[in-house]
Amino acid sequence: MIDLRLLRDDPERVRASQRARGEDPAVVDALLAADEQRRAAVTRADGLRADQKAASQAVRAASEEDRPAVLERAKALAAEVKEAEAKQAEADATLRAAQLAVPNVVLDGVPAGGEQDFVVLEQVGEIPTYDFPGLDHLDLGTALGAIDTERGAKVSGSRFAFLTGWGALLELALINLAMGSAVQAGYNPVIAPALVRPEAMEGTGFLGAHAAEVYKLEADDLYLVGTSEVPLAAFHSGEVLEDLPYRYAGFSSCFRREAGSHGKDTRGIIRVHQFDKVEMFCLVDPAEAEAEHQRLLANEKAFLSALEIPFRVIEVAAGDLGSSAARKYDCEAWLPSQERWLELTSTSNCTDFQARRLGIRSRGASGLAPVATLNGTLCAIGRTIAVLLEVHQRADGSVHVPEVLRPYLAGRKELLPQ
RNA sequence: GGAGGCGUCGCCUAGUCCGGUCUAUGGCGCCGCACUGCUAAUGCGGUUUGGGUCUCAAGCCCAUCGGGAGUUCAAAUCUCCCCGCCUCCGCCA
């Protein structure tokens, strides 16, 4: 949710942000108009309420003979108030809708344009080459007895998979490695609920453009989260925080309908309906947000480097940002079977946009103000397993185990086909 | 799932039966000032949050007693729905 004061003071900045995103700047002017109308409605209703309050007191004070006339007046005012309040409620709803239609203002330096207009910031490691044909992660995983998508489909449908044997152990290894390094870096570990109320989903902005992506349990009015960013962000909703920053590393299963991605990444476990993820989430002073964002990115890079995965870092263009994000970096790993870069992690600076809607504030020099929230993937486990298998495969079908994972995998230096 | 109890401006608390200066009581904590050799103690004042108005300063106004709706001239107080917590029973990994 955008700051209405910023909007009033500098609407052109918001319009420019809209243009950078390739979205309609007219929503900015619609919001300005809605804001003005709401303020007019509030002023009128407040005034009438003040009159009615006085009239109501007068009823009590009135003498026996004055009473009927005074009561009449109070009743008339009550009707007027009711009508003015209805108009105010309408203006409030219009304002809210207009406010939800305006995404966060992008930060300086974010490249304008859409999905293909990203900027590559750096590449870590070389694109690997292999002097043997090579298998994709599903063939490798099947041979290792680590991934079973056929039975996943039989039991749950397409885009579901079982992780078995080394696959299951690899998942646990990655969770432990991710959580361990997060704790070491000062993040508070959290196991988060995967089912949340509508308010949590709405407050984090996932019921907007991405509503079709979200699973809903109709009978219980609960949603399955697509990322633990949702419960982590909602964790402190409505609170006043002291002693910023707060840093969390949340583990949860993630559920996505993948409604708009028919035919995309259908093979293997790159894009599935259910996967597990360790997500970092930070609440900081808005002045510290950009520095915190760099920290998150650094953590992501360190994690991928430790897994000996070659990757590149891109800055996502304005049009490809989520509505809450003001800047976003993705780390993309090289996927040998498809000879392309695949998004493994993503970190967004949401400035105070998300916190404003969730009511997460802290006491600053000028009173209570929304904090800044940031999120970043530490490890999306399924995809990381897919990349690990492909990148570290060898001609004989075995897979090299990076040193950092060995303590969690009974010291194994390689995984062998069964 | 069944029965009962509870939710008050940071924390605790009065008020709710029987609607009206509730403009929400008192204590603790916190902030300021005074007093004091320092600390403590004491005294005085302040201390929810959001919004509106305004030279965005003071001031004034409106809302806010878990959330929402209703009844009424008037709701912390009455009615209904929802949320949360507690106790007991049932069921359960």
Side-chain angles (χ1 to χ4, degrees), chain A residues 1-11 13 31-100 191-203 207 216-223 230-231 234-244 246 253 283 352-371:
Chain A
M1 206 158 69
I2 202 170
D3 183 3
L4 289 175
R5 281 178 205 283
L6 168 88
L7 177 84
R8 284 176 214 154
D9 291 348
D10 193 0
R13 204 179 132 202
L31 179 54
L32 277 169
D35 178 44
E36 194 137 329
Q37 273 175 28
R38 175 187 161 270
R39 276 148 65 202
V42 165
T43 303
R44 175 160 178 267
D46 276 4
L48 282 169
R49 256 193 302 268
D51 293 347
Q52 193 226 7
K53 224 164 123 179
S56 180
Q57 298 285 354
V59 170
R60 184 154 190 261
S63 65
E64 207 53 48
E65 55 269 25
D66 291 344
R67 227 182 127 81
V70 175
L71 194 61
E72 250 344 279
R73 183 176 141 68
K75 280 189 184 182
L77 272 168
E80 271 193 81
V81 165
K82 199 168 180 184
E83 178 267 344
E85 282 183 340
K87 282 199 173 147
Q88 188 193 326
E90 205 177 301
D92 278 338
T94 305
L95 175 69
R96 186 167 171 79
Q99 203 167 7
L100 291 180
I191 309 287
L195 288 173
V196 298
R197 295 170 174 285
E199 300 90 289
M201 216 46 154
E202 171 133 36
L207 290 186
K216 181 174 188 192
L217 299 185
E218 206 62 62
D220 299 284
D221 202 18
L222 289 171
Y223 292 90
V230 174
F235 187 64
H236 285 298
S237 59
E239 296 181 15
V240 175
L241 305 183
E242 280 165 44
D243 304 318
L244 296 173
Y246 288 26
S253 291
L283 303 114
D352 61 1
F353 186 87
Q354 197 173 49
R356 183 168 291 106
R357 205 193 302 192
L358 287 165
I360 309 175
R361 297 169 298 170
S362 70
R363 223 169 276 280
S366 54
L368 289 174
V371 304

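It should be emphasised that the depicted structure is a prediction, and the values quoted were computed from it without experimental measurement. Within every chain, numbering begins at 1; the chains are lettered A, B, ... in the order of the sequence lines, protein sequences first and strands thereafter.
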Go ahead and name the base partner of [N]; Watson-Crick or wobble counts if both distances stay under 3.5 Å, otherwise write none.
| N | value |
| --- | --- |
| rU87(B) | rA3(B) |
| rG43(B) | rC33(B) |
| rC22(B) | none |
| rA14(B) | none |
| rC78(B) | rG70(B) |
| rA93(B) | none |
| rU49(B) | rA63(B) |

How far, in whole Å, is [M] from [N] if one measures between their [atom1] atoms?
| N | M | atom1 | value |
| --- | --- | --- | --- |
| rC12(B) | rG7(B) | C1' | 14 Å |
| rA76(B) | rG19(B) | P | 14 Å |
| rG67(B) | rU53(B) | P | 25 Å |
| rC22(B) | rA75(B) | P | 15 Å |
| rC82(B) | rC44(B) | C1' | 46 Å |
| rC17(B) | rG10(B) | C1' | 31 Å |
| rG51(B) | rA74(B) | P | 27 Å |
| rU79(B) | rG20(B) | P | 15 Å |

Check: Is the phosphate of rG51(B), meaning OP1 or OP2, less than 4.0 Å from a side-chain N or O of R49(A)?
Finding: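 So the side-chain polar atoms of R49(A) never come under 4.0 Å of the phosphate oxygens OP1 or OP2 of rG51(B).
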Next item on the list: State whether R361(A) places a side-chain N or O below 4.0 Å from either non-bridging phosphate oxygen (OP1 or OP2) of rU49(B).
Entry: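 So the side-chain polar atoms of R361(A) never come under 4.0 Å of the phosphate oxygens OP1 or OP2 of rU49(B).
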Given atom [atom1] of [X] and atom [atom2] of [N], what is their separation to the nearest angstrom?
| X | N | atom1 | atom2 | value |
| --- | --- | --- | --- | --- |
| L4(A) | rG50(B) | CG | P | 14 Å |
| E85(A) | rC62(B) | CD | C1' | 10 Å |
| K53(A) | rU23(B) | NZ | P | 7 Å |
| R44(A) | rA63(B) | CZ | P | 16 Å |
| D92(A) | rG51(B) | CG | C1' | 10 Å |
| Q88(A) | rC62(B) | CD | P | 14 Å |
| L368(A) | rU47(B) | CG | P | 16 Å |
| E239(A) | rG66(B) | CD | C1' | 15 Å |

Check: Could you write nucleotides 68-85 of chain B as a row of B, S and -, 5' to 3', where a protein heavy atom under 4.0 Å of any base atom gives B, of only sugar-phosphate atoms gives S, and otherwise -?
Finding: -----BS--------SS-
Checklist line | D35(A)/R39(A) ion pair, N-O < 4.0 Å | finding: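 A salt bridge is present here (some side-chain N lies under 4.0 Å from a carboxylate O).
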Item checked: Main-chain N/O of G203(A) paired with Q354(A) side-chain donor or acceptor, under 3.5 Å ->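 Not at all, since once roles are kept as given, no pair shorter than 3.5 Å links the two residues.
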Check: Around atom CZ of R8(A), are there more than 12 heavy atoms of other residues, nucleotides or ligands at under 6.0 Å?
Finding: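 Enclosed.
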Check: More than 12 foreign heavy atoms under 6.0 Å from CD of E83(A): is that the case here?
Finding: yes
Notebook entry, point to check: Can you tell if the side chain of L31(A) reaches within under 4.5 Å of the side chain of L95(A), non-hydrogen atoms only?
Noted result: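 Yes, close enough: below the 4.5 Å cut-off.
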Residues that [X] engages under side-chain hydrogen bond (donor to acceptor under 3.5 Å, both in side chains), provided they are two or more places apart:
| X | value |
| --- | --- |
| S237(A) | none |
| E218(A) | K216(A) |
| D46(A) | R49(A) |

Would you list the protein and nucleotides 52-55 of chain B atom pairs, both N or O, that sit under 3.5 Å from each other?
unit_1	atom_1	unit_2	atom_2	d
rG52(B)	OP1	R8(A)	NH2	3.4
rG52(B)	O2'	T43(A)	OG1	2.9

Check: Going through the distances and angles, do R96(A) and M1(A) end up as a side chain to side chain contact (heavy atoms under 4.5 Å, CB included)?
Finding: CA-CA 9 Å; R96(A) 186 167 171 79; M1(A) 206 158 69; 4.0 Å; yes
Next item on the list: Can you run down the salt bridge (charged side-chain N to carboxylate O under 4.0 Å, His left out) pairs that involve residues 69-79 of chain A, sequence neighbours left out, and say none if there aren't any?
Entry: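 Qualifying pairs, neighbours excluded: none.
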Notebook entry, point to check: Atom CG in D221(A), atom CZ in R197(A): separation rounded to 0.5 Å?
Noted result: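 Here the rounded value is 8.5 Å.
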